[in-house]
**Student:** 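Here you go, one structure.
Numbered from 1 within each chain, the chains take letters A, B, ... in sequence-line order. Any value given below was found using the heavy atoms of this structure, including those in side chains, with hydrogens, waters and symmetry copies removed.
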Amino acid sequence: MFGQKGVAAVAADSTVYEAREIEERWRRAWEKQEKHRAADKTARPKYYCLDMFPYPSGAGLHVGHWRGYVLSDVWSRYKRMNGYEVLHPMGWDAFGLPAENDAIKKGIHPAVGTARNIANFKTQLQNMGAMFDWSRELNTSTPEYYKWTQWIFLQLFDMGLAYRKEMPINWCPSCKTGLANEEVVDGGCERCGTPVTKKNMNQWMLKITAYADRLLEDLDKLEWPEKVRKMQANWIGRSVGARVRFAVPALGEQIEVFTTRPDTLYGATYMVLAPEHPLVSALTAAGQRSAVEQYTAQALGKSALTRQIQDKTKTGVFTGAYARNPLTGLDIPIWVADYVLMDYGTGAIMAVPAHDERDFEFAAAFSLPIVPVIAPIEHSSGSGAPVAGELAQAYTGPGVLINSGVYSGLSVDAAKRQIVADLAQSGMAEETVTYKLRDWVFARQRYWGEPIPVIHCDACGIVPVPERDLPVLLPDVERYEPTGTGESPLAAIASFVNTACPACGGPARRETDTMPQWAGSCWYFLRFADPHNDREPFARDKVDHWLPVDMYIGGVEHAVLHLLYARFFTKVLADRGVIGFDEPFIRLFNQGMLTLNGAKMSKSKGNVVSPEDLVVKYGTDTLRLYELFVGPPEVDAEWNPRAIDGVHRFLSRTYRLLMEAAPSAPRAESQELAKLRHRFVSQVTERLESFRFNTVVSAFMEYVGALQSASEKPDRAALETLAVCIAPLAPHLAEECWQALGHRESVFDTSWPAVDERFLVDDTVEIVLQINGKVKERVAIPQGASEADVAGVASEHARFQNALAGRAVVKQIYVPDRLFNVVVR
RNA sequence: GCCGAAGUGGUGGAAUGGCAUACACGACAGACUUAAAAUCUGUUGCCCGUAAGGGCUUGCGGGUUCGAGUCCCGCCUUCGGCACCA
């Protein structure tokens with residue numbers, strides 16, 4: 001059935017482990033058998049194990065990339081052997097800037113370069129021997145796929161979640177092109193190093209902030225690493241506080257601020273507006289105008305990097321205007337300073353230098369008054385309350401209000417509520433929630449991406465492309481270089497741009513911006529459920545059957561961006577009623593990086609280890625096993641070029657043991673080997689379940705060692721169990737040995753061995769005799785012996801007794817089958 | 001600055017509060033070999049001692065416990081994330 005003759009011939013010939021020959025033969029057999037196709041309809045429960053699909057770069061895969069794919073494959077095969085129908089697909093995140101930049105550099109069309117890279121990646125992944133279901137392969141840059149990416153955009157547009165806004169974007173003046181945030185490295189352009197400036201442009205935005213609360217709350221539903229959930233929570237940055245309005249009586253204006261500390265309102269001694277704040281110009285007094293204009297011009301000229309990261313020295317200028325503190329009724333000066341950011345809160349703050357570190361620094365620099373209004377608890381009673389001159393730094397801790405009129409004496413928490421409630425009476429404040437999360441800039445002025453499917457009509461405005469007209473094809477053109485005007489290269493293609501308005505039929509222009517690289521990866525996991533559907537993005541029953549993803553494996557570098565965007569799309573589609581779940585990934589596992597010489601492997605650093613040479617030298621199974629053995633899967637690990645020899649030696653030993661013993665293995669299983677076997681299965685299962693793959697490999701090494709040094713020849717059960725258990729890790733070797741053991745069906749159609757608990761207990765156990773917690777003696781006693789029995793045994797051991805001589809016994813601790821500890825004085 | 005993770009032999013690492021250093025790499029010694037490679041066997045935490053044996057040891061300092069690599073408190077170092085978010 002699986003090429004029996006070939007197997008038999010090889011098995012009879014030799015017990016030398018010829019990995020390459022075995023692996024190629026089984027890979028072909030499995031391929032022919034379509035062994036890795038996931039069936040949509042089956043009696044088995046489904047299990048969806050997904051890798052973060054790769055961006056097919058020109059550099060190819062190195063051993064670091066293998067790590068995650070090996071983990072997911074081991075896990076998929078293990079789940080299959082536990083009775084699940086496993087969906088383990090693979091595809092290509094094929095739109096994106098590297099392909100486009102490469103194309104510009106080399107003059108090769110991005111579609112051509114991408115196709116070549118995909119072919120290379122696919123060969124590499126197939127070499128790995130992973131059970132990917134290639135019949136579901138997808139590519140985000142094909143019209144068959146991006147038609148539905150565009151369809152999803154139309155749903156977002158229809159739901160009011162996609163909108164246009166004037167936004168400053170990153171701009172490289174040398175390359176004359178807009179850049180994605182991820183292409184700005186240390187304030188400079190990734191390609192040429194030129195400092196990035198801002199350019200104001202009309203942008204497509206997605207209203208991800210509308211989902212901020214749900215994205216935050218639903219993190220609790222997920223079995224994700226704590227670290228990633230925290231990173232997402234911090235990124236969303238929910239902050240509960242109040243909006244408070246300060247009147248500017250001289251101008252009849254109001255300034256609204258956001259604060260999380262309304263309790264400190266009595267300590268607000270000045271206000272600050274961001275340089276971009278719309279009221280700056282109106283508020284500025286004549287005498288201050290030139291100073292303010294000079295300052296704002298200078299602040300706006302700074303890049304975000306210099307303004308927010310590199311230089312935190314406080315600068316600012318007085319506007320000459322005053323606002324009235326709504327509680328104290330006192331007028332306080334209004335300043336402009338770039339430490340206040342326009343795009344958070346309201347772009348204006350009330351400054352409480354006594355209780356905010358940034359305000360303190362600013363007040364100190366410009367000699368503004370610092371009035372303490374919170375006293376730490378220990379100072380609240382008596383006369384020890386701090387006075388202004390004593391403060392060396394801002395106090396941000398808990399405490400009790402002072403210098404705050406009727407509110408003095410209240411706790412911070414009580415005052416927050418009370419002050420907002422009182423101001424709300426006169427409409428001067430209300431409670432509110434603010435997020436750090438911003439709406440998502442969803443447009444790129446680039447060629448190699450999904451065209452945004454809308455049409456601009458002078459008469460009708462923005463009109464979505466009708467669904468029947470999808471996909472809006474990316475035109476196949478000779479020139480895809482940036483135009484230099486800040487427009488997409490598509491804008492220069494008249495045949496693409498000029499079209500008819502779907503609403504009125506009049507002349508209209510297509511949107512020429514494309515979607516960012518993240519767009520395709522926001523929903524590819526859904527498409528795998530029904531990858532060839534040409535009538536809809538996926539059939540409802542299929543997507544609801546396979547999804548959500550049970551196990552998602554990939555690098556931690558996507559902790560926020562991709563994983564947040566994908567969760568957002570999933571919730572939108574759930575709200576739209578096209579899927580029946582609102583979280584895409586139940587369980588997430590982040591594999592650690594592989595380093596060489598302490599650095600992340602990368603082609604530019606020249607420290608990549610290529611899997612090809614290793615596969616040729618040792619075989620795929622050896623490399624797979626070494627990727628697991630290198631260390632705990634979630635921890636970064638240094639590649640040790642020599643350590644792989646040990647793993648290869650182990651597999652050769654295993655192969656030889658199985659092949660030599662197979663023909664004459666006894667049927668009957670001895671007590672000794674049965675114990676060894678059940679203990680081994682129990683250990684391997686437990687370690688697999690808890691993702692401790694490095695220790696899984698150790699368990700195999702110990703078992704094989706024990707079988708080799710056992711007093712009897714290994715029986716059939718011992719050999720079969722070994723072959724079955726190692727199958728998820730070293731699938732080719734396992735299948736070969738399984739056939740040699742006389743089986744006609746695949747090892748992956750057998751089930752994972754069960755453990756009989758009775759074999760896990762020993763008749764005699766070794767326990768330690770301790771004095772004051774120090775081990776003095778080890779003795780063998782019958783399992784389950786009583787404390788009295790053990791004390792009796794202990795009394796017969798001279799060394800133990802000598803150590804006890806002349807000392808008073810305080811107490812004895814007995815842990816059955818483990819230890820006996822005598823505490824003496 | 002804030003948040004998080006991690007510090008165990010020469011190296012990668014193992015250890016539900018109960019025998020620290022499993023498993024492997026490397027090193028050393030031996031077997032096989034004309035020799036080498038491969039393979040196999042043995043030794044290998046540190047200190048004192050010829051030995052028997054003894055002492056010490058999980059970044060540092062305290063604590064809880066009969067007993068701590070593991071739990072608690074305070075530090076140090078390294079790495080990662082966020083970073084003027086009011």
**Student:** Out of A/Trp440, A/Tyr211, A/Trp235, which one pairs with A/Tyr565 under the ring pair (Phe, Tyr, Trp, His ring centres under 6.0 Å) rule?
**Tutor:** A/Trp440
**Student:** Does the structure show a Watson-Crick or G-U wobble partner for B/C84, both distances under 3.5 Å? Name it, or say none.
**Tutor:** none
**Student:** Using purine N1 to pyrimidine N3 plus N6-O4 or O6-N4 for Watson-Crick, or N1-O2 and O6-N3 for G-U wobble, each under 3.5 Å, what pairs with B/U50?
**Tutor:** none
**Student:** Across all strands, who's sitting opposite B/A38 as a Watson-Crick or G-U wobble pair, both distances under 3.5 Å?
**Tutor:** none
**Student:** Here's a test of your reading of the structure: between A/Lys230 and A/Val768, which maps to the more 5' nucleotide of RNA chain B?
**Tutor:** A/Lys230
**Student:** Under 4.0 Å, heavy atoms only, any strand: does A/Lys227 hit a base, just the sugar-phosphate, or nothing?
**Tutor:** sugar-phosphate
**Student:** Can you check whether A/Phe691 reaches A/Glu634 side chain to side chain, under 4.5 Å on heavy atoms?
**Tutor:** no
**Student:** Could you tell me whether B/G9 is syn or anti, where syn means a glycosidic angle within 90 degrees of zero?
**Tutor:** syn
**Student:** Roughly how far apart, to the nearest Å, are B/C66 and B/U21 at atom C1'?
**Tutor:** 24 Å
**Student:** Rounded to whole Å, how long is the line connecting atom OH of A/Tyr626 with atom C1' of B/G13?
**Tutor:** 11 Å
**Student:** Both distances under 3.5 Å, Watson-Crick or G-U wobble: report the partner of B/A5, or none.
**Tutor:** B/U78
**Student:** In plain terms, say whether A/Arg261 and A/Asp356 are close enough for a salt bridge, that is, a side-chain N and a carboxylate O under 4.0 Å apart.
**Tutor:** no
**Student:** Considering only atom P, compute the distance from B/G69 to B/G62 and round it to an integer number of Å.
**Tutor:** 15 Å
**Student:** A side-chain contact here means heavy atoms from C-beta on lying under 4.5 Å apart; do A/Pro262 and A/Arg243 qualify?
**Tutor:** no
**Student:** Of all the choices, B/A14, B/A15, B/A86, which nucleotide is nearest to the side chain of A/Tyr344 once you look at every atom?
**Tutor:** B/A86
**Student:** Do A/Lys314's NZ or CZ and the ring of A/Phe362 fall within the cation-pi criteria of under 6.0 Å and 45°?
**Tutor:** no
**Student:** Taking the same atom, C1', in B/G54 and in B/G61, what whole-Å distance lies between them?
**Tutor:** 28 Å
**Student:** So that I know where these two stand, are A/Tyr626 and A/Trp66 an aromatic pair - ring centroids less than 6.0 Å apart?
**Tutor:** no
**Student:** Picking from B/C84, B/C3, B/G18, which would you name as closest to the side chain of A/Val815?
**Tutor:** B/G18
**Student:** Check the distance between B/G1's P and A/Glu357's CD and give it to me in whole angstrom.
**Tutor:** 10 Å
**Student:** I'd like the P distance from B/A14 over to B/A27, given in whole Å.
**Tutor:** 23 Å
**Student:** Expressed in angstrom and rounded to an integer, what is the separation of A/Ile349 atom CD1 from B/C84 atom C1'?
**Tutor:** 9 Å
**Student:** Searching all strands shown, indicate the nucleotide that pairs with B/G17 (Watson-Crick or G-U wobble; both distances under 3.5 Å).
**Tutor:** none
**Student:** Taking pairing as Watson-Crick or G-U wobble with both contacts under 3.5 Å, can you name the mate of B/C23, or confirm there isn't one?
**Tutor:** B/G12
**Student:** Would you say A/Arg245 and A/Val257 make side-chain contact, with heavy atoms under 4.5 Å?
**Tutor:** no
**Student:** Measuring only the P atom in each nucleotide, how far is B/C56 from B/C72? A whole number of Å is fine.
**Tutor:** 27 Å
**Student:** Rounded to the Å, how far apart are A/Asp636 CG and B/G7 P?
**Tutor:** 13 Å
**Student:** Go through the side-chain N and O atoms of A/Glu638 and A/Thr595 and say whether any donor and acceptor fall under 3.5 Å apart.
**Tutor:** yes
**Student:** Who is the Watson-Crick or G-U wobble partner of B/A68, with both distances under 3.5 Å?
**Tutor:** none
**Student:** What's the closest nucleotide to the A/Arg818 side chain, out of B/A14, B/A86, B/U16?
**Tutor:** B/U16
**Student:** In terms of the nearest nucleotide of RNA chain B, which residue is placed more toward the 5' end: A/Lys436 or A/Arg692?
**Tutor:** A/Arg692
**Student:** Measure CG/A/Leu628 against P/B/A14 and give the value in whole Å, please.
**Tutor:** 14 Å
**Student:** Charged N to carboxylate O under 4.0 angstrom, A/Glu226 versus A/Arg229?
**Tutor:** yes
**Student:** So what does A/Gln812 touch, heavy atoms closer than 4.0 Å: a base, only the sugar-phosphate, or nothing?
**Tutor:** nothing
**Student:** Mind calculating the distance between CD (A/Glu634) and C1' (B/G80) to the nearest angstrom?
**Tutor:** 15 Å
**Student:** Over how many whole Å does the gap from A/Phe246 atom CZ to B/A86 atom C1' extend?
**Tutor:** 12 Å
**Student:** Could you verify whether a donor N or O on one side chain and an acceptor N or O on the other, from A/Tyr435 and A/Ser239, lie under 3.5 Å apart?
**Tutor:** no
**Student:** With P as the reference atom in both, quote the distance from B/G53 to B/G42 in angstrom, rounded to an integer.
**Tutor:** 22 Å
**Student:** Among the candidates B/C3, B/A86, B/G81, find the nucleotide nearest to the side-chain atoms of A/Leu341.
**Tutor:** B/A86
**Student:** Students often get this wrong, so: under 4.0 angstrom with heavy atoms, is A/Ser652 touching a base, only sugar-phosphate, or nothing?
**Tutor:** nothing
**Student:** Flag yes if more than 12 heavy atoms outside A/Glu357 fall under 6.0 Å of its CD atom; otherwise flag no.
**Tutor:** no
**Student:** Reckon A/Val272 touches a base, only the sugar-phosphate, or nothing at all at heavy-atom distances under 4.0 Å?
**Tutor:** nothing
**Student:** In whole angstroms, how far is the P atom of B/G53 from the NZ atom of A/Lys776?
**Tutor:** 13 Å
**Student:** Quick one, give me the B/S/- string for nucleotides 62-67 of chain B, reading 5' to 3', where B means a protein heavy atom under 4.0 Å from the base and S means that only happens at the primed atoms, P, OP1 or OP2.
**Tutor:** ----B-
**Student:** Sticking with atom C1', work out how far B/G55 lies from B/A5, rounded to a whole angstrom.
**Tutor:** 35 Å
**Student:** Tell me, do A/Leu722 and A/Phe700 make a side-chain contact under 4.5 Å, heavy atoms counted?
**Tutor:** yes
**Student:** What distance, rounded to whole Å, do you find between the two P atoms, one in B/G7 and one in B/C60?
**Tutor:** 13 Å
**Student:** Tabulate protein N/O versus nucleotide N/O from nucleotides 21-27 of chain B, keeping only pairs under 3.5 Å, one per line.
**Tutor:**
residue	atom	partner	partner atom	Å
B/A22	O2'	A/Glu702	OE1	3.4
B/C25	OP1	A/Arg649	NE	3.3
B/C25	OP1	A/Arg649	NH2	2.5

